[in-house]
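This is a predicted model, so every value here is computed, not measured. Chain A is the first sequence line, chain B the second, and so forth, proteins listed ahead of strands; every chain is numbered from 1. Excluded from the calculations below are hydrogen atoms, water molecules and symmetry mates; all remaining heavy atoms, backbone and side chain alike, are included.
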2 protein chains.
Amino acid sequence: MSALAPIDRDKSLGAHVYDRLKRALMSGAFQPGQKLTVRSVAEDLQVSVTPAREGLNRLIDQGALEMPSAKTILVPVLTVAALKEVATIRRSLEGTAAELATANFGPSDIANLLSLQAELESAMNSGDYRRVLDRNESFHFGVYEKCGMPRLVGLIEAQWLRVGPSLNMLYPEFAVSRRGVSNHMRVLEGLQKRDAQAVRAAFEHDIDDGYATLSAALGKT
Amino acid sequence: MSALAPIDRDKSLGAHVYDRLKRALMSGAFQPGQKLTVRSVAEDLQVSVTPAREGLNRLIDQGALEMPSAKTILVPVLTVAALKEVATIRRSLEGTAAELATANFGPSDIANLLSLQAELESAMNSGDYRRVLDRNESFHFGVYEKCGMPRLVGLIEAQWLRVGPSLNMLYPEFAVSRRGVSNHMRVLEGLQKRDAQAVRAAFEHDIDDGYATLSAALGKT
DNA sequence: TGAAAATTTTTGTTGCATCAAATAACATCC
DNA sequence: GGATGTTATTTGATGCAACAAAAATTTTCA
C-alpha cells in the first residue's frame with residue numbers, strides 16, 4: 001500500500017482518507033483482489049485507525065471496496081454479473097443526466113468539450129492510455145455536471161468507482177478501442193443541435209461499447 | 001430521540017445503528033429539521049459514540065441525513081428542488097428495475113402482489129395511512145427485487161430514504177391520493193401480459209403522481 | 001432595551017488501548 | 001503427503017478520554 005503518501009490536515013481526516021483512496025482507486029494504484037487493512041492505510045496516510053476505518057467503510061458502503069468476511073477488505077474483482085449490473089445502472093443514470101444537461105449547454109461549454117476530446121485523441125495516438133482514461137472521464141462528467149443535479153452526479157461517480165480498478169488494470173485493451181471516439185463525436189453533434197435524445201443515445205451507445213469491450217477483456221482473465 | 005429503544009448485540013453495532021436509524025427515518029419517527037447528535041443516538045441505543053457515529057455517517061453519506069455545518073446533523077427538510085431531483089433519479093432507476101423484473105415474474109409472484117395491493121386498499125379505506133405507506137413500499141420493492149440486481153435495488157432504497165421523513169409527515173394528504181391505485185393496477189396488468197414497457201410506464205406514472213402530490217403538499221408548508 | 005462581547009456548554013472528531021474473532025503459521029498424526 | 005488440530009498473529013470493532021470548534025447562554029455596555 002505504499003502507493004499512498006501522507007495527507008495534510010485541515011478538514012475531516014476521514015474525508016481526506018476517503019478522497020485519497022478514491023483517487024488511488026480510480027488511477028489504478030490498487031490491483032483488483034488486493035487486500036487493504038485499516039492499519040496499513042492509517043500508516044501510509046499517517047493518521048490513526050479511526051479516520052482510516054471511516055474512509056474505508058465509506059468506500060465499502062458504496063461498493064467501491066468489498067468486505068467478503070468480517071476481517072478482510074478487498075479491492076473488488078469485477079465479475080461479469082457485476083459489470084453488467086453497473087452497465088445497466090450507468091445507462092439509466094448517465095442517459096438521464098446527459099439528456100437533462102443538453103438544454104444547459106452553451107457554445108463555450110461545447111468548446112471545452114471539444115478541446116477535451118482533442119486531448120483524448122492525441123493521447124490515444126501517442127499511446128498514453130492513462131491520459132486517455134483521464135480525459136474520457138473529464139468528458140463524461142463535463143456533460144453530466146451540467147444537468148444541475150449533484151445527487152445524480154454523485155451516484156454516477158459511485159458507479160465509475162466500482163469499475164475503475166478493473167478498468168485501469170485492463171486499460172491498454174480498453175482504451176485502444178476507438179469506437180469511443182465516434183460516440184463522443186455524436187455527443188458533440190447532439191449538443192450543438194440541442195437534441196437531448198441524440199445526446200442520450202450517444203452516451204448509451206458509448207456505455208454499451210465500453211461494456212462489451214470490458215466484458216470481453218474480463219472473460220480472458 | 002426517545003423514539004428509539006436499545007438494540008441487541010450480535011453483529012456489527014455500527015450496522016445495527018444504521019438499520020435502526022433507517023427504520024426510524026422511514027417510519028416517520030423523526031421530524032424533518034430535527035437535530036440528531038452522536039451522543040444522544042449512542043445513549044438511546046446504548047452503544048458508545050463510535051458505532052453511533054458510524055451509523056449516522058453512513059446515512060449522511062447517502063443523503064438520508066444532512067450535515068449543514070461541522071457540528072450539526074439534521075433530518076433533511078425536503079426542498080422542491082431536492083424532491084424533483086429524487087423523482088428524476090427514481091424514474092430512471094425504478095423504471096429500469098421494473099422493466100427488468102417483468103421477465104422474472106411467475107403466477108405466484110403476481111399473486112403475492114395482488115394480496116399486497118388488497119391490503120393497501122383496505123388500509124386506505126380504513127384510513128390507516130401508516131399501513132398504506134408500508135404496503136405501498138412492499139409493493140414497489142416486491143417488484144424491483146425481482147430484477148435480480150441488488151446494487152440497483154440498494155440505490156433505489158437510498159432514494160426512498162431521502163423522501164421518507166417528509167413523506168411520513170405529510171402522509172394523510174399524500175396517502176389519500178387514490179391515483180396510486182390505478183397505477184398499481186396497470187403494473188399488475190403489465191406483469192400478467194409480460195409487457196415490460198407497460199410495467200415501466202406504470203411505475204413512472206406512479207412516481208410522477210407521487211411527485212406532483214408531494215410537491216403540492218410541500219408548497220403549502 | 002437591544003445589540004455585541006464574553007463565557008459556558010455542546011458536539012463531532014481523533015487517537016489509542018483493548019477485545020473477540022478470523023486468519024495464518026505451524027506442528028501432529030494417520 | 002495430505003489432512004487435521006493447535007497455537008500465534010493479525011484484524012476490524014468498540015469504548016472512552018481529550019480536543020478544538022461551533023452553539024448556546026449569559027453578561028456587559030451604550
Side-chain angles (χ1 to χ4, degrees), chain A residues 1-2 4-22 25 30-31 33-77, chain B residues 1-22 24-25 30-31 33-77:
Chain A
M1 241 124 335
S2 45
L4 297 171
I7 62 180
D8 60 311
R9 318 181 42 161
D10 23 288
K11 53 175 181 177
S12 160
L13 285 182
H16 268 144
V17 171
Y18 172 75
D19 286 341
R20 293 293 289 270
L21 287 174
K22 203 165 71 169
L25 245 11
F30 298 125
Q31 293 287 322
Q34 181 175 346
K35 208 168 118 184
L36 296 183
T37 69
V38 172
R39 285 170 177 82
S40 65
V41 170
E43 190 183 7
D44 284 340
L45 264 39
Q46 309 209 353
V47 261
S48 80
V49 297
T50 309
R53 186 170 162 274
E54 182 185 324
L56 285 166
N57 277 334
R58 284 179 67 179
L59 264 343
I60 292 168
D61 259 6
Q62 59 189 242
L65 291 175
E66 264 176 6
M67 212 163 118
S69 72
K71 303 274 180 182
T72 30
I73 302 172
L74 292 182
V75 179
V77 289
Chain B
M1 233 126 340
S2 45
L4 297 171
I7 63 181
D8 61 313
R9 320 182 39 160
D10 23 288
K11 52 175 182 176
S12 161
L13 286 182
H16 267 145
V17 172
Y18 172 76
D19 286 341
R20 294 293 288 269
L21 287 174
K22 202 165 71 169
L25 245 11
F30 299 125
Q31 292 287 321
Q34 181 175 345
K35 206 168 123 185
L36 297 183
T37 69
V38 172
R39 284 170 179 83
S40 65
V41 170
E43 189 183 7
D44 284 340
L45 264 38
Q46 309 209 354
V47 263
S48 79
V49 298
T50 309
R53 186 169 162 273
E54 182 186 322
L56 285 166
N57 276 334
R58 282 179 69 178
L59 265 340
I60 292 168
D61 259 7
Q62 59 189 241
L65 291 176
E66 264 174 7
M67 211 164 121
S69 72
K71 303 272 180 182
T72 30
I73 302 173
L74 291 183
V75 179
V77 289

Chemist: Can you tell me if A:T50 touches the phosphate of D:dT14, counting only side-chain N or O atoms and a distance under 4.0 Å to OP1 or OP2?
Modeler: no

Chemist: So, is B:S48 close to the D:dG15 phosphate, meaning a side-chain N or O under 4.0 Å from OP1 or OP2?
Modeler: yes

Chemist: Atom CZ of B:R39 and atom C1' of D:dC19: how far apart are they, to the nearest Å?
Modeler: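 Atom CZ in B:R39 sits about 11 Å away from atom C1' in D:dC19.
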
Chemist: Report the distance from atom CD of A:Q46 to atom C1' of C:dG15, rounded to the nearest whole Å.
Modeler: 15 Å

Chemist: Would you tabulate the side-chain donor-acceptor contacts of residues 48-56 of chain A under 3.5 Å, counting partners in other chains and residues two or more places apart, or write 'none'?
Modeler:
{"residue": "A:S48", "atom": "OG", "partner": "A:T50", "partner atom": "N", "Å": "3.4"}
{"residue": "A:R53", "atom": "NH1", "partner": "B:E54", "partner atom": "OE1", "Å": "3.4"}
{"residue": "A:R53", "atom": "NH2", "partner": "B:E54", "partner atom": "OE1", "Å": "2.7"}
{"residue": "A:E54", "atom": "OE1", "partner": "B:R53", "partner atom": "NH1", "Å": "3.4"}
{"residue": "A:E54", "atom": "OE1", "partner": "B:R53", "partner atom": "NH2", "Å": "2.6"}

Chemist: Distance check needed: C:dA21 P versus B:K11 NZ, whole Å only.
Modeler: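 So the two atoms are 17 Å apart, to the nearest Å.
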
Chemist: With a 4.0 Å cutoff (strictly under), does any side-chain N or O of B:S12 reach OP1 or OP2 of D:dT14?
Modeler: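 Checking B:S12 against D:dT14: at least one side-chain N or O falls below 4.0 Å of OP1 or OP2.
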
Chemist: Between A:A64 and A:P76, which heavy-atom pair has the shortest distance, and what is it?
Modeler: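 Taking A:A64 first and A:P76 second, the nearest heavy atoms are O-CD, 3.2 Å.
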
Chemist: Using whole Å, what does the distance between atom C1' of nucleotide D:dA13 and atom CZ of B:R53 come to?
Modeler: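 Those two atoms, CZ and C1', are 14 Å apart.
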
Chemist: Considering only heavy atoms, which members of residues 58-75 of chain B lie under 4.0 Å from some atom of DNA chain C?
Modeler: B:M67, B:A70, B:K71, B:I73

Chemist: Mind calculating the distance between CG (A:L13) and C1' (C:dG15) to the nearest angstrom?
Modeler: 10 Å

Chemist: Could you tell me the separation between the CZ atom of B:R58 and the CG atom of B:D61, rounded to the nearest 0.5 Å?
Modeler: 9.5 Å

Chemist: Quick one: A:E54 CD to C:dG12 P, roughly how many Å, whole number?
Modeler: 13 Å

Chemist: If you assign each of B:N57 and A:V49 to its closest nucleotide in DNA chain C, which residue comes earlier from the 5' end?
Modeler: B:N57

Chemist: Can you measure A:H16 atom NE2 to C:dG15 atom P for me and round it to whole angstrom units?
Modeler: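 The answer, rounded to whole Å, is 13 Å.
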
Chemist: List the atom of B:V75, the atom of B:Q31, and the distance in Å for their closest heavy-atom pair.
Modeler: CB-O, 3.4 Å

Chemist: Whole Å only: how far is the NZ atom of B:K35 from the P atom of D:dA22?
Modeler: 14 Å

Chemist: Distance from A:L25 atom CG to A:Y18 atom OH, nearest 0.5 Å?
Modeler: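 Separation between the atoms: 10.0 Å.
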
Chemist: Does the pair B:R20/B:D44 count as a salt bridge with the N-to-O cut at 4.0 Å?
Modeler: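 Result for this pair is no, no salt bridge flagged.
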
Chemist: For residues 65-73 of chain B, please give each side-chain donor-acceptor pair under 3.5 Å, one per line with the distance, not counting sequence neighbours.
Modeler:
{"residue": "B:S69", "atom": "OG", "partner": "B:T72", "partner atom": "OG1", "Å": "2.6"}

